[in-house]
Every structure is written in C-alpha cells, then in structure tokens.
Q: 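Quick one: the structure is below, questions incoming.
Only a predicted model underlies this, so the values are computations on that prediction, with no experimental measurement involved. Per chain, numbering begins at 1; letters A, B, ... match sequence-line order.
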Amino acid sequence: MRLSILTRGLIKDNPTLVQLVGMCPVLAITTTLENGIGMGLAVVVVLALSNLLVSLSRSFTPERIRIPIFVVIIATFVTIVGLVIEAYVPSLHKSLGIFIPLIVVNCLILARAEAFAFSHGPIDSLLDGIGMGLGFTIALMIISAIREILGTGAIAFGGTVLFQLPIPQTISMILPPGAFLVLALVLAVKNAISNRKEEA
Amino acid sequence: MKDIIRLGSILLGFGIVSALLLGLTYQVTLEPITQSRALADQQNQQMVAPEAEQFIAVDESILEKIQAKNPGIIDIVQAEKAGQVLGYVVKSNTNGFGGPMEVMVGIDGSGTLTGIRLGNHAETPGLGDNANKPEFYDQFPGKDIVSGIGVNKGEPGNNEIQAITGATVTSRAVVDAVNAVKVVIEEVGQ
Amino acid sequence: MENAGLLTIIVSAILVNNFVLSRFLGICPFLGMSKKVETAAGMGMAVVFVMTMAGIFTWFANKYLLVRFHMEYLQIVMYILIIAALVQFVEVVLKKMLPSLYSALGIFLPLITTNCAVLGVALLNDQYNFGLLKTIVHSAAVAVGFTLAIVLFASIREKLEANDVPKAFQGFPIALIIASLLSFAFLGFTGMV
C-alpha cells in the first residue's frame, strides 16, 4: 500500500506526462540533459520536504486561506534550502543555484500540497513527494535528452561530450519553440501507447 | 468581518514564523556565504589575470571616480607580479537576458584583455549560461577594448566575438559590459 | 534595461520577451484557460489588473520595507503574501462595487494567486531596477503580452475543434504544437530591441 504511493508518481500518475502540472520548468530548463537531471533532483528534495511540512501543519491551516499558506511554506522552505546550500556546499550551489528560485514558482509543488499532503499523513505525504519528484525527473530527462540531441547532436555532461551523433544541429530545438514541440511529440507518443493498450 | 480578521491573523502568524526562520537562517549562513563568494571572486580573479601573483584593491577615491562614469562597476583590483603592476581586474554588474549578471574582466595597462569570466547570473541554462564556457570566454584574451569589441552572429572579424548560438542578448550584454571597462583605462591606464 | 525608454520596455515585454512564449512563465493558465476565446480574454483582463497592481505594491514594499531595513531575503515570501492579499482584496471589492465585472472575472481571480507570472514580473521589476513609472508600464505590458498570447492561442484552438486531429494528438499535444508555432512566430521579434 505504502509502496504504491511511492511508485505511482513514476509512470501511472506521472505529474508531467499524465497530470500535466508544473509545466513551466519542464519547458524552461530542459535545454540539456544535465540541467534536466539537476532541476529534477532539486525538485525531489523540495517536494518531499514541503509535502511533509504541509501535512504536519494541517491542523493550523484554515481551509479558506490554505493556498497562500502553502505558498508561504514552500517559499520559506525553498529560500532556506537555497541559503544553506550556498553556505555549506558551494560546489552544489554552482550547478543547482539557478534552479532554486525557479522551484518557488513550480506549480507541481503547490499541486501536490493541495491534492495530497493537505489530506494525508506526514509519512504518506513524504513518500508521495519523493515519487512525484522522481516522476517529474524522469519526464525532464526524456524531454531534455531529446532536445539536447536534436539541438546539438550530442549529449554533454559536466563539460565533457559523452557522444556525438552525425546529425545536423537544429538550434531551434533548444530555443523556446522546440520546448513546446518536443513536449507535444512526447505526449503524443505516450497517448499512442496508452491508446493501443486500451484497444488490446 | 470577524472571520477576515481571524484568517488574516493566522496568515500573518505564518508570515511571522516564516520571517523569523528566514532571518535566523540568513544570520547563520551570512558568514559562510560571504566567504564562499569571496573565494569564488579570488578564483575568478586568478582566471582572468593568470600571470598575476597578488591582487590589491585600488584606492577608494579612484574607484569612486570611475564609478561616477560607469555605475555598473562594483570593484577594481590591481593585478601585480613581483611588485609590478600587470593590469587590473574589474568586477561589474550588468543586465543579461534573465536579470542581473556579474562580469569579471582582466585587462593589462593598455586595454588588452587578459581574460573574462561570469560571476553570479540568471541566464537561461543551456543557452545564455554557455557564456560561462571556454568556447565563449576563451575568445576574449588579446582583444582590445579601447577600440571596442564587436559581436558577430556569423564569422567573427578581427576584434569581434562570435555570439553564443541562440543567446545573442547574453553575448551582447557581456561584450557591452567588457567594453564599458574602458573607463578604467582612461582613468588609470598608461 | 534600467536606462531603456518606455516604448522599448513595452515592445520588449509584449513581443520580444513574451512571458508565456519565450520565458515560459504562466504556462498553467495559458494551457488550462485557453479552450475558448471568451474565457481566455477574461483571464487576460484579470491578469492585466492584478499584475499591474502587484507591480505597484511590491515596488513600494521592496523600496520602503525590504531595502530600507535590509531584509531582502524576505522578498519572495513578502511578494507572495502581497499577491495573495491583493487577489483576495480585489475579489471582495469587485463583488461589492462592480458585480457585473465580478461575475465575468470572479472565477479567474483565485487562479491568479498561483500564476507564477505575477511573481515573476514582480521579481523582474526589481532585478531591472525600475522606478515606479517603469514598474507600472512594465507590469502592464507583460500582462498585455500574456493576454495577447492566450487570446491568439485560444482563437486557434477554437478553430481546431472542428478539425479531424489524429487520435494520439488530440487534446494537449496538438495545443502544444500550436503553442510551438506561435512561439516560432514570436521568435521573429528577437533582436528588435
């Protein structure tokens, strides 16, 4: 039972590909695989802990003003994480720093607070956060890998090129239109697969 | 009405707790953050003036005079080796595509670049932030800022920099910030 | 940007750096509220109103509270509270004073609290170091850019209703392809300012 809370975010209820929430970072930072993974992991940590905090503070949160309260919890928490990382792990800050302010405005975190953490216990909420965060990471990895390969013909990690394909570089895949296009195609492929499953 | 006051005060309560936590974290992390930023600055200084052995802050009065001409400049240090002034390292603030962007520029006394690096910035990952990769910043050393560097999207000419693909705004912002360091040469150069 | 003229700011915010199509802020309402032109326009109007007000209030809060008392680290939390309070306030006032406008915009207002574009514009105003006038102009122009994008998008999606779209592309995929084409079109404005 508990395990299914963790795993269902990965594929079945994948936040990006099935629920379509938290789209802003999916489009904005998926320019390279490295960025996709970085943002994804940062979200896993923040989402798990913000779910935990939202769940713990349920008893003092009046229904009508829950949204502003969630946003305050998330913003506070993200700012603290940002400061602590910059202070004690500067090398991590160098690679993840640019994502931290972006997480505050990630609607995925708010959506999980509203849809799950506000009505579930702390441990379930923590597991939900980790599962949804990993599902988000998987989606980011798929989209960013496609964009990077089409855009630059290669995958680079930490400054070293892992492999280079002999295909023309299509810069527009890294530019904003490419983000919409690749996401559209990934969703269409996903739909085609699930349509086939339904028919079978 | 009573309800609004009650809800408002709960929200205010959350706000106060949040402010206290943030204030506390800020106080605790202030010192290490200042240190790590200073360390990053030192490393960048060495990168943009590789020959230099020590860096000494210029006189406050000179800095103020230069800041009056270019308010973007945050800090200037003298790059020295064995007591001889090799040039200057200038840290300035400019606006890129995603917001403010710090550019560290190393020049010799006549306005030839010895190197540039980006400091804190918020440029788009994968596009604008490529300005912090060698393919971009290695183009700068040897270029002359007194006559002014240009940006080219195609084949760069003599005193020109090849723009980052898909990030012309960032490229231009960096080059403009580098060119704006010219005021330092006018003030203190040989 | 701090030295840019007002016209440059307007053109840049509406066309060149369109929040939705080139900065990817406010994607959720852009995708969610764009099935009909009428709803899209309503959402757009609500955003114009809230964003401009939020720009003004956050500017004062930033200058006279955060900067003065050196509490810049509270910026995000404070801005969010301002936006949330503003939305609630607008809702109450509209309901009392202009019920007809409220019935048109009412349902969109709560959604705006969670619209990352509003926070985005407030933070950007500060990063660009705008004065009050430029803050107002910039905030309003960004909101107009949002409205332009969402109305264009909705009008294409409406037309699409009657078309025969391959099954796998129905719903979001085809909408995203349209967004991609719009984004390509807006890419043409790059370098204009």
Q: Which residues in residues 18-51 of chain B have any heavy atom closer than 4.5 Å to a heavy atom of chain A?
A: B/Ser18, B/Leu21, B/Leu22, B/Thr25, B/Tyr26, B/Val28, B/Thr29, B/Pro32, B/Ile33, B/Ser36, B/Arg37
Q: How far apart are the closest heavy atoms of A/Val72 and B/Phe14, and which atoms are they?
A: CG1-O, 4.3 Å
Q: If you count heavy atoms of other groups shown closer than 6.0 angstrom to NZ of B/Lys65, is the number above 12?
A: no
Q: Might you point out which heavy atoms bring B/Ile10 and A/Phe60 nearest each other, and give the distance in Å?
A: CG2-O, 3.9 Å
Q: Can you say whether A/Phe77 sits under 4.5 Å from chain B via the side chain, the backbone, both, or neither, judging by heavy atoms?
A: neither
Q: Give a yes or no on this: more than 12 heavy atoms of other residues, nucleotides or ligands lie within 6.0 Å of atom CD1 of A/Ile123.
A: no
Q: Just wondering, are more than 12 heavy atoms of other shown residues or ligands nearer than 6.0 Å to CG in B/Asn158?
A: no
